[in-house]
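As the structure is a computational prediction, the values presented were derived from the model and not from experiment. Excluded from the calculations below are hydrogen atoms, water molecules and symmetry mates; all remaining heavy atoms, backbone and side chain alike, are included.
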Amino acid sequence: MVLSGCAIIVRGQPRGGPPPERQINLSNIRAGAMARRAAQGQPDTKDTPDEPWAFQAREFLRKKLIGKEVCFTVEIKTALGREYGMVYLGKDTTGENIADSLVNEGLATVRREGIRGNNPDQARLCELEDQAKASKKGMWSEGGGTHTIRDMKYTIENPRNFVDSLHQKPINAIIEHVRDGSVVRALLLPDHYLVTVMLSGVKCPTFKREADGTESPEPFAAEAKFFTESRLLQRDVQIILESCPNQIILGTILHPNGNITELLLKEGFARCVDWSMAVYTQGAEKLRAAERSAKERKVRIWKDYVAPTANLDQKDRQFVAKVMQVVNADAMVVKLNSGEYKTIHLSSIRPPRIEGEKNKDKDKRFRPLYDIPYMFEAREFLRKKLIGKKVNVTVDYIRAATGPGESTPAFSERTCATVTIGGINIAEALVSKGLATVIRYRQDDDQRSSHYDELLAAEARAIKNGKGLHSKKEVPIHRVADISGETQKAKQFLPFLQRAGRSEAVVEYVFSGSRLKLYMPKETCLITFLLAGIECPRSSRNMPGGMQVAEPFSDEAMLFTKELVLQREVEVEVESMDKAGNFIGWLHIEGLNLSVALVENALSKVHFTAERSAYYKTLVSAEEGCRQRKEKVWANYEEKPVEEVVHVTEEKERVANYRAVYVTEICDTLHFYTQDVETGGQLESLMETMRAEIASQPPVEGSYAPRRGDYCIAKFADGECNILIIPITFFPSLSFLPHYLLNLVLSSISPSITAPFPVFLLTPSLSLPYQPVPLQEDARADVVDCIVKDIQNTQCLLNVEYQGPTCPLVTIQFGDTKDDVGLGLVKEGLVMVDVRKEKHLQKMVTEYLNSQESAKSARLNIWRYGDFRADDADEFGYRR
């Protein structure tokens, strides 16, 4: 370093650390004093300007000596330790004498008062000074040298405006002082601004000032300072002033031999700083790459560094996977090539979240996907871009599991990675649209995205453009009605879905192979959807009686459905709904019927309800192939004997096998219950035995909690002890008993009483054939009243015609006249005929249809307005 025109600081070669400094003052000459700033905190002192030709003398030495090897001799050493001597350019004293050069150029004067005549060096200096005077060089020129005095500017009134006025253009400068490895004092040319500049994007170890005024260096602080000094101190450089936050000027120093910022990082003398990285104009990725190189080599400050993914194999750090599900706005489930499923979180981003109380309306269930602003948009962005696509995953770090805190929930271990598709960083795209924010870290926290700077830049753009979460507009509101399990709402909604034909939907969740939750975008509602026409293995689930064991291949069926349709856009055809409010129909994805796909893959069987659908032949054909190969659900299938099949197919005539029954109960759905006349005596005997048991050992009400499969005693509401054996399997619905009779369950039954009696006394529900139940309440009430008046509590004749979806369908004849009750209803125009295609029933169906035509011609009851079936039969309360 050159202090002035007559003083320099030299250093030896470094050996295991920064070498000591030594100041050498040139003997026998004097140069002008450099400008000096007034002492801080002393208002009486003033700035001292340059003496004439002082700066030029300093510059002459700086350009000649800085970075060069010199040889010096010490002639005098004062009591205060100041050393005076001669300095030569080169390795020995044969080199150029620096003092002679200064005097010869007129930049220094000779101290003649101490000259001795017998000293040739002093005599030569005097001779050179006389020659400079004669030639009018330097300070000996005319004019006095006032033009050589600099106008030093130590302060800038508005640093931000000053930096902005330069427009990030490189300006010439001289580094006058190095405070630490990343902070320097620079003289900006040609206006002589003396400013402190901090390197953008990095920070070196510093010197901490203690209470007693001493400085204690952080590890590698002295080495970092020496590294910068040896390359920049008093060098001609160019500086790009990039920003000025909080009166701190940030910049990049460019030297012909390289960028000092990148060199400090590469050699392990500095670390990247997020808050200033954003203003770095030379490419933040270069800084990250340099830091990464130092970390990998574990040099200097990174000597104890352990990479976040150091414990992972290379195949676990980078891999290609298929996205199966988007969990929320920052996580997804991917399928690896090995078939394993893995949850991946996007590194260094935070999904939208709600501020304050999560749910102000205590009566409303909080649904994050729809209730948190922009959460739905973020999820949809990822779903449309990623579902079913192959992506490149680079694991950045693994966040360890955390326990629950006072204000934070517990989190399991999370794998955080950068996910790209087609060269696009998904996290960056999400942030740039304002659908996520970037997490800020502590400076020493290295667990972050490998593209963290791009994320910060993307967030800055989103904030500037006011996108998404950063928009000042009103947040979007998603009013999505969840009608899953809401029977009444589902009934109201059913006609609209039936008339709509194929409707667009998104599969939100898969409960099992054939049970899904759908989001209907046009109708903005959530529904539970059951696949029609198939019988899929049931998964395990909690039931009132305990955990229901999963059926074989239920998990495989659910996994198949998930991989095929989860979070994908599909088309659905709704045909009907069940009593729990679940819609039943067909689901199509890219032209593929999911019901058919499950059957083709031997993960489901064809249900008899598919007979009337347009897909029945396809389903049966697919099932037949799997059955013959005995795949999966057909693994234990055994073919029926050939003779039995022939016998069934050759049955062409209807079999009439009527038996005497009493009709005990008729429901609003036209289902009814009967008791065989033959078993009546046994029932009465059983009732007498039960009453005697209750009279001798009266039970305590409420002391018994029934369980599935038990037999119980029920007390009826008429006040009398009418006792009945009830299998608790049917108990929850009570559909087989008069609803106005049952009061409460009293006690369990002694096994000794029930042992002699089989359970034939309880008849399952029955229904009339060919006659769908009218949906309109008035029409249905007329039918029920008519049947109750004709056959309830009377002896009739019953014949089972065929098996329906829920119960046998039978014909009933009056006990005396042998007239068909169902045919009478058709003749009176109270019901329509449901046409059956079985050959052995055609004679009876034809008779029913002829009677229907007669009722229609006479305009009886439901036909009073003509044949309404020409319009939409479902609209008028009837199914065709």
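We find the CD-OG distance between E454 and S432 to be 12.5 Å, quoted to the nearest 0.5 Å. Annotation: the span from S539 atom OG to F553 atom CZ amounts to 13.5 Å, rounded to 0.5 Å. In this structure, S554 OG and R538 CZ are separated by 11.5 Å, a value rounded to the nearest 0.5 Å. Distance check, rounded to the nearest 0.5 Å: CZ of F496 to SG of C525 gives 11.5 Å. Between atom CH2 of residue W586 and atom CD of residue E575 there is a gap of 6.5 Å, rounded to the nearest 0.5 Å. Remark: M558 CE to L603 CG distance equals 12.0 Å, nearest 0.5 Å.
Of the possible polar contacts, none joining the D313 side chain to the K315 backbone as a donor-acceptor pair under 3.5 Å is found. A distance-only check finds a donor-acceptor pair linking the side chain of N465 to the backbone of R461 [under 3.5 Å]. In this structure, S613 contributes its side chain and A610 its backbone to a donor-acceptor pair below 3.5 Å. Within the 3.5 Å criterion, the main-chain N or O of K467 finds no donor-acceptor partner in the side chain of S471. Here the side chain of D445 pairs a donor or acceptor atom with the backbone of Q447 at under 3.5 angstrom. The main-chain N or O of V438 is found under 3.5 Å from a side-chain atom of E459 such that the two form a donor-acceptor pair. For Q567 (side chain) and V326 (main-chain N/O), a donor-acceptor pair under 3.5 Å exists by modelled atom type. Within the 3.5 Å criterion, the main-chain N or O of R367 finds a donor-acceptor partner in the side chain of D371. At least one donor-acceptor pair under 3.5 Å links the side chain of S595 to the backbone N or O of A532.
In this pair, Y615 and H588 present their aromatic rings tilted. The plane angle is within the 30 to 60° band. Note on ring orientation: taking the six-membered ring where Trp is involved, the planes of W634 and Y637 are perpendicular (angle over 60°, cut-offs 30° and 60°). Between F376 and H478, the two ring planes are tilted [angle within 30° to 60°].
Between P476 and E377 the shortest side-chain heavy-atom distance falls below 4.5 Å. Residues F583 and L494 form a side-chain contact, since some pair of their non-hydrogen atoms from C-beta on lies under 4.5 Å apart. Two residues are said to be in side-chain contact when any heavy atoms from C-beta on lie closer than 4.5 Å; L587 and N593 fail this criterion. Looking at heavy atoms from C-beta onward, K522 lies out of side-chain contact with S503 at the 4.5 angstrom threshold. With a 4.5 Å cut-off on side-chain heavy atoms, L346 and I426 count as touching. Counting only heavy atoms from C-beta outward, the side chains of Y519 and V507 never approach each other to under 4.5 Å. A 4.5 Å side-chain heavy-atom check between K491 and F493 finds every atom pair outside the cut-off. Side-chain contact check for V506 versus V570: every heavy-atom pair is 4.5 Å or farther apart.
The nearest pair of heavy atoms linking G513 to L598 is O-CD1, 3.4 Å. Counting all heavy atoms, side chain and backbone alike, P537 lies closest to E551 at CA-OE1, 3.3 Å. Closest heavy-atom contact between V606 and E623: N-OE2, 2.9 Å. Considering all non-hydrogen atoms of both residues, Y370 and E508 come closest at OH-OE2, 3.8 Å. Here the shortest heavy-atom pairing between D330 and L382 reads N-CD1, 4.5 Å. The two atoms that bring S540 and A550 nearest to each other are N-CB, 3.4 Å, heavy atoms only.
Taking a 6.0 Å sphere around OH of Y509, one finds it holds 12 or fewer heavy atoms contributed by other residues, nucleotides or ligands. Counting heavy atoms of neighbouring residues, nucleotides and ligands inside a 6.0 Å radius, atom CD of E590 does not exceed 12 of them.
Seen from the ring of F381, R379 does not count as a face-on cation partner, given the 6.0 Å and 45° thresholds.
D316 is linked by a salt bridge (Lys or Arg N to Asp or Glu O under 4.0 Å) to nothing, counting only residues two or more places apart in sequence or in another chain. A search for side chain to side chain donor-acceptor pair (under 3.5 Å) contacts involving E624 returns R627, Q628, not counting sequence neighbours. For T561, there are no side chain to side chain donor-acceptor pair (under 3.5 Å) partners, not counting sequence neighbours.
Salt bridge status for E573 with R502: present, with a side-chain N to carboxylate O gap under 4.0 Å. Under a 4.0 Å N-O distance rule, the pair R383/E569 qualifies as a salt bridge. Salt bridge K335/E563: present, at least one basic N to carboxylate O contact under 4.0 Å.
A side-chain donor-acceptor contact under 3.5 Å links S348 and Y441. A donor-acceptor contact closer than 3.5 angstrom is absent between the side chains of H451 and S449.
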*Check the pair D555 / K562 against salt bridge (Lys or Arg N to Asp or Glu O under 4.0 Å), numbers first and verdict last.*
CA-CA 10 Å; D555 292 339; K562 276 187 175 181; over 6 Å; no

*Show the numbers, then the answer: is there a side-chain contact (heavy atoms from CB on, under 4.5 Å) between M332 and L386?*
CA-CA 9 Å; M332 63 194 72; L386 299 181; 3.7 Å; yes

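Each of N392, D396, T394 was evaluated against T418; a single residue qualifies, D396, per the side-chain hydrogen bond (donor to acceptor under 3.5 Å, both in side chains) test.
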